[in-house]
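Side-chain atoms are counted along with the backbone in the values below, which use heavy atoms only and exclude waters and symmetry mates. Each residue takes its place number in the sequence, starting with 1.
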Amino acid sequence: MIHIILYEPEIPQNTGALIRLSANMGAHLHLIHPIMFDLSEKKVRRAGLDYKELAKVHEHENLQACLDTIKPNRVFALTTKTTRYYTEETFENGDAFLFGPESRGLPMDIIESLPFEQRLTIPMVLGGRSLNLANAVSVMAYEAWRQLDFNMELN
């Protein structure tokens, strides 16, 4: 299984879409507080449809509490502030993928706390600033799942 970690998510529709994604691929979705909206908001429910009951969604007071709970094999930070493409890594069951808030990305101290090999980016054309969070998570999560031969069970 893989873990998707959203650090201080800000946009309810993205989180709702990722609840649905997580349910359909058997990934665990972790939300790091503060969350900038109420998870019961209509926008979250609409984007996630009725998948919340099928998804493994966990809330954590902070990033360290999340990592202490899930004990991932490795944590990969997805950021525009590196040159290493997500396609350059081989992923394993138990890996975690960390994404920052939509408006500002991950804080530099978190990025820099990880080894260079665990800082990944999704390529964009020159001048591109960033991808939508739900799209970026989808690209990364499906690449990891593909490498694992789509071998995850809904649990």
As a quick check of understanding, evaluate side-chain contact (heavy atoms from CB on, under 4.5 Å) for Phe97 and Val137, giving each step before the final call. CA-CA 8 Å; Phe97 303 94; Val137 172; over 6 Å; no
Run the side-chain contact (heavy atoms from CB on, under 4.5 Å) check on Arg74 and Glu89 step by step: do they pass? CA-CA 12 Å; Arg74 297 171 298 175; Glu89 185 58 55; 3.0 Å; yes
Begin with the C-alpha distance, continue with both residues' side-chain angles, and end with the deciding distance and a verdict on side-chain contact (heavy atoms from CB on, under 4.5 Å) for His33 and Glu59. CA-CA 7 Å; His33 284 261; Glu59 294 181 55; 2.7 Å; yes
side-chain contact (heavy atoms from CB on, under 4.5 Å) evaluation trace for Ile11 with Leu133: CA-CA 9 Å; Ile11 299 176; Leu133 177 64; over 6 Å; no
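The side chain to side chain contact (heavy atoms under 4.5 Å, CB included) test applied to Ala136 returns Phe99, Ile122, Leu131, not counting sequence neighbours. Residues that satisfy the side chain to side chain contact (heavy atoms under 4.5 Å, CB included) test with Asn73, not counting sequence neighbours, are Glu92, Asp95. Considering only residues two or more places apart in sequence or on other chains, Tyr86 meets the ring pair (Phe, Tyr, Trp, His ring centres under 6.0 Å) condition with none of them. Not counting sequence neighbours, the partners of Asn132 by the side-chain hydrogen bond (donor to acceptor under 3.5 Å, both in side chains) test are Asn14. Taking Gln64 as the reference, Asp68 meet the side-chain hydrogen bond (donor to acceptor under 3.5 Å, both in side chains) condition, with sequence neighbours excluded. His58 meets the side chain to side chain contact (heavy atoms under 4.5 Å, CB included) test with His28, His30, Lys56, His60; sequence neighbours excluded. For Ser113, there are no side chain to side chain contact (heavy atoms under 4.5 Å, CB included) partners two or more places apart in sequence or in a different chain. Scored by the salt bridge (Lys or Arg N to Asp or Glu O under 4.0 Å) test, Glu10 finds Arg104 as partners (sequence neighbours excluded).
Here Glu8 contributes atom CD and Ile35 contributes atom CD1; the two are 10.0 Å apart, rounded to the nearest 0.5 Å. With rounding to the nearest 0.5 angstrom, the OG atom of Ser130 is 6.5 Å from the CE atom of Met124. Summarising the geometry, atom CG belonging to Asn93 is positioned 9.0 Å from atom NE2 belonging to His3; distances are rounded to the nearest 0.5 Å. Interatomic distance, CG of Leu29 versus OG1 of Thr15, reported as 7.0 Å (0.5 Å rounding). Between the CE atom in Met140 and the CZ atom in Phe91 there is a gap of 3.0 Å [rounded to 0.5 Å]. Summarising the geometry, atom CE belonging to Met25 is positioned 4.0 Å from atom CD1 belonging to Ile2; distances are rounded to the nearest 0.5 Å.
Applying the side chain to side chain donor-acceptor pair (under 3.5 Å) definition to pairs two or more places apart or across chains, those involving residues 133-143 are Glu143-Arg146, Glu143-Gln147. Counting only residues at least two apart or on different chains, no salt bridge (Lys or Arg N to Asp or Glu O under 4.0 Å) pair has a member in residues 107-117.
The hydrophobic cluster around Val125 extends to none of the other residues, as no ILVMFWY side-chain heavy atom falls under 4.5 Å of it. If you chain together ILVMFWY residues whose side-chain heavy atoms come under 4.5 Å of each other, Leu106 ends up grouped with Ile5, Tyr7, Ile32, Leu63, Leu67, Ile70, Val75, Leu98, Met108, Ile110, Ile111, Leu114.
Of all non-hydrogen atoms in Arg129 and Thr80, the two that sit nearest each other are O-CG2, 3.4 Å.
In this structure, Glu88 contributes its side chain and Tyr85 its backbone to a donor-acceptor pair below 3.5 Å.
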